[in-house]
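Below: one structure, written as structure tokens.
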Amino acid sequence: QVQLVESGGGLVQAGGSLRLSCAASGRTFRSYTMGWFRQAPGKEREIVASISWSGGSTYYALSVKGRFTISRDNAKNMVYLQMNSLKPDDTAVYYCAAGTAGVGWTSSSNYNYWGQGTQVTVSS
């Protein structure tokens with residue numbers, strides 16, 4: 001089992017940057033695909049980025065490609081999401097998730113464990 005705790009959210013102006021962190025517990029962390037999802041008010045939860053257990057493969061939603069970078073440190077049981085050039089449309093609650101499917105499986109149903117979420121608000 002894996003427990004996930006996100007941090008790093010906050011309020012930032014458009015064009016700014018934030019770095020989200022996800023701390024994972026459990027000795028099997030390094031065997032999981034990790035993903036970042038987000039959910040804005042009135043919208044469905046959507047994948048932002050995912051990374052394979054080794055860090056060798058990544059996936060990005062088109063809306064964030066070139067602006068966001070996902071990374072992981074298996075020695076520290078950490079996953080990160082560096083978010084640059086933020087836009088008001090990026091405003092949402094961001095969730096860290098762990099699953100056993102590959103990075104290309106983008107549905108939230110492919111992820112078994114979830115954090116509590118961290119709010120990101122981008123002002124115009």
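In this text the structure is predicted, and so the values were computed from the model without any measurement.
- Taking the side chain as every heavy atom from C-beta outward, V64 and R38 approach each other to under 4.5 Å.
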Assess whether side-chain contact (heavy atoms from CB on, under 4.5 Å) is satisfied between V93 and T118, documenting all intermediate values.
CA-CA 5 Å; V93 177; T118 185; over 6 Å; no
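- In this structure, Y32 and Y113 have perpendicular ring planes: the angle between them is above 60°, well past the 30° mark.
- Going from atom OG of S108 over to atom CD1 of I47 covers 9.0 Å, rounded to the nearest 0.5 Å.
- In this structure, T33 and I51 have side chains that are not in contact, with every pair of non-hydrogen atoms separated by 4.5 Å or more.
- Nearest heavy-atom pair across F29 and D73 is CE2-O, 4.3 Å.
- Linking Ile, Leu, Val, Met, Phe, Trp and Tyr residues whenever their side-chain heavy atoms come within less than 4.5 Å leaves W114 and V2 in two separate clusters.
- There is no path of hydrophobic side-chain contacts, each under 4.5 Å, that joins F68 to F37.
- The CD atom of E6 lies 7.0 Å from the CG atom of L4; values are rounded to the nearest 0.5 Å.
- The CH2 atom of W53 lies 15.0 Å from the CE atom of M34; values are rounded to the nearest 0.5 Å.
- From Y59, atom OH reaches atom CH2 of W105 across 13.0 Å, with rounding to the nearest 0.5 Å.
- For A101 against N110, the heavy-atom pair with the smallest separation is CB-CB, 4.0 Å.
- Residue Q119 places its CD atom among more than 12 non-hydrogen atoms of other residues, nucleotides or ligands, all under 6.0 Å distant.
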Exercise answer: donor-acceptor pairs, residues 11-24 side-chain atoms, under 3.5 Å, sequence neighbours excluded:
from	atom 1	to	atom 2	distance (Å)
S17	OG	N84	OD1	2.9

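- In this structure, the side chain of S50 does not engage the main chain of G35 through any donor-acceptor pair within 3.5 Å.
- For the pair R45 and Y95, the cation sits on the ring face: its NZ or CZ lies under 6.0 Å from the ring centre, inside 45° of the axis.
- Between I70 atom CD1 and R72 atom CZ the span is 8.0 Å, to the nearest 0.5 Å.
- Residues V103 and Y60 have side chains not in contact (no heavy-atom distance under 4.5 Å, counting atoms from C-beta outward).
- Side-chain contact check for M83 versus D90: every heavy-atom pair is 4.5 Å or farther apart.
- With values rounded to the nearest 0.5 angstrom, E46 atom CD is found 14.5 Å from W36 atom CH2.
- Judged by distance alone, the side chain of R67 and the main-chain N or O of S85 form a donor-acceptor pair under 3.5 Å.
- T91 contributes a side-chain N or O that, together with a main-chain N or O of V122, makes up a donor-acceptor pair within less than 3.5 Å.
- The two residues A40 and A92 come nearest to each other via the heavy atoms N-CB, 3.8 Å.
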